[in-house]
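The structure under discussion appears below in the form of structure tokens.
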There are 2 protein chains.
Amino acid sequence: MNPTEWFTEQAPGAGSAFSLKIKRKLHEEQSDFQFLEIYETEDFGNLMVIDGCTMVSTRDNFFYHEMMSHPVLFTHPNPKRVWIIGGGDCGTLKEVLKHPGVEQVVQIDIDERVTRLAEIYFPELCESNGDPRAELKFIDGIKWVKDAAPGSVDIIIVDSTDPVGPAEGLFGEAFYRDCLNCLSENGMVIQQSESALYHLNLMQAMRGAMSAAGFEHLQTLFFPQCIYPSGWWSATIAGKKTLDGFRQEDSANKPFATEYYNVDIHRAALAQPEFVKRAFGG
Amino acid sequence: MNPTEWFTEQAPGAGSAFSLKIKRKLHEEQSDFQFLEIYETEDFGNLMVIDGCTMVSTRDNFFYHEMMSHPVLFTHPNPKRVWIIGGGDCGTLKEVLKHPGVEQVVQIDIDERVTRLAEIYFPELCESNGDPRAELKFIDGIKWVKDAAPGSVDIIIVDSTDPVGPAEGLFGEAFYRDCLNCLSENGMVIQQSESALYHLNLMQAMRGAMSAAGFEHLQTLFFPQCIYPSGWWSATIAGKKTLDGFRQEDSANKPFATEYYNVDIHRAALAQPEFVKRAFGG
């Protein structure tokens, strides 16, 4: 491979790498927080890279954005107020706003430049940004959650980069305790929890921190995500109340279109592989 | 990346590539049928490559071998006679032999060298080769199926390379018609059917050929497979009789250990993503 024709991300510690063939680099900049690159790829549409890690491609982002949104929204009995911590590409925001019952979505990404670039290079992800229910804030999500009034939100979606750099504080017990405090009665957090094949210890540490913070109910979901390390990703829901079951009838009759998610996929994502069950001790 | 330190497979037409960091090349040879390479990798154990495509790694082969075996074996009401067409690394054979009810397994791989190399470099996959129920043949699987007596087998597992080169004839209507002819009353074929993200048209063509050959019942299963293109793989079952339901209680009480498969994973693998449903027209 000619390295000038490919963008490659090595998975640290996993001895693997994933590459996308590029037509050209469309943009790069050092924002106040991270190094941002946009490529036009051969077959994946546009690609956003943050600090050397693939974040979102036109072609396959639907897996991640749908699975960070619809399972938790159909698990909560009646979600009205949603916060997205991170999520600056606005893909998760778009999915959340598909739920007619949602009354307010606040997206809190520390780096405004991510959103400004998404508006240019991923306009389809930003098409709901003008929804009157949506509010975009460019401030520190950790502080936002810390300062929030108790019971002020129903669902917190932590749609962040990996637990190094600016996102590190989003993976710790102190942050989860602040989440617990500002969640309403049936409140839930969902956070991306990396690959079970590559990062099982990280997943376990994250679940441990969520439990230690006082979340008694945890649920890890699995789904494909081609451009992320190992191609197999996960998200973990932490709930104040039981996470057993979800609004299956509402899911089956969802009044919006998706590419990956449906009621069967929701059930399927909850299945725990044998080696994961053993690791989680159940 | 220094190309001498990595093995890289480009996914043709998908504009992506997957690489594994290698310590050294352990072996290479041109067999009568294909070019075989064995690498020692940094984090994936040993890796077998056939004609430039990753086939099996020590670390992640369990996904594929378990999902090519247990779902179809627990879908058939009472499988006793199983043929594996291809499968020369013997990983599928090992999984099939875990089922106590299976009385005979014939593995038919055209290339004996694949098995001889697996015995050296993947001994854990070959540990059941001495089972008295197992028979290893190194002949043409297409001819084997064509010449077989009607009703002589319960399950045919087509564990082949991609539909180019020696495996091409395993993906066509004529082959499926021969399979149908030699299957017993409740007979089933299962075959790897590539990635829904990358090869949906191939998957559709394969399903079309199975239907045209006379299989009225089809079922495509999905599972992660890190080293295969897109990291998300599939297998398709074609049945003479209905494929609705499977022996869930037997699966839940399986008398053997697995790494990925269990009864929940079996159900989960059957869930069809929205874009796949649309492509399959239902």
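In what follows, chains are A, B, ... by sequence order, proteins preceding strands, each numbered from 1. No hydrogens, no waters, no symmetry mates; every other heavy atom, side chains included, goes into these values.
One side chain, A:S234 or A:S193, offers a donor N or O that lies under 3.5 Å from an acceptor on the other.
Chosen from A:S230, A:S19, A:P229, the residue pairing most often with chain B at heavy-atom distances under 4.5 Å is A:S19. The greatest number of non-hydrogen atom pairs below 4.5 Å with chain A, out of B:G231, B:S16, B:S195, is found for B:S16. In terms of heavy-atom pairs under 4.5 angstrom with chain A, the leader among B:L20, B:L270, B:D264, B:I265 is B:I265. In terms of heavy-atom pairs under 4.5 angstrom with chain A, the leader among B:F7, B:Y198, B:F62 is B:Y198. Most heavy-atom pairs under 4.5 Å with chain B: of the set A:A268, A:A257, A:A269, this distinction falls to A:A268. Each of B:F222, B:W6, B:F63, B:Y261 has some count of heavy-atom pairs under 4.5 Å with chain A, and the biggest count is that of B:W6.
The ring of B:H70 has its center closer than 6.0 angstrom to the ring center of B:F256. Taking the six-membered ring wherever Trp is involved, the centroid distance between the rings of B:F74 and B:H99 falls below 6.0 Å. Side-chain rings of B:F246 and B:H266 approach one another, their centers coming within less than 6.0 Å. Two rings, from A:Y64 and A:Y228, have their centers less than 6.0 Å apart.
In this structure, the portion of B:T8 lying under 4.5 Å from any heavy atom of chain A is its side chain and not its backbone. Proximity to chain A (any heavy atom under 4.5 Å) is restricted, for B:F44, to the side chain, taken from C-beta onward. With a 4.5 angstrom heavy-atom cutoff, A:Q225 does not touch chain B via any of its atoms.
With salt bridges taken as basic N to acidic carboxylate O contacts below 4.0 Å, none links B:E259 and B:R59. The pair A:E42-A:K23 does not meet the salt-bridge criterion, since no charged nitrogen lies less than 4.0 angstrom from a carboxylate oxygen.
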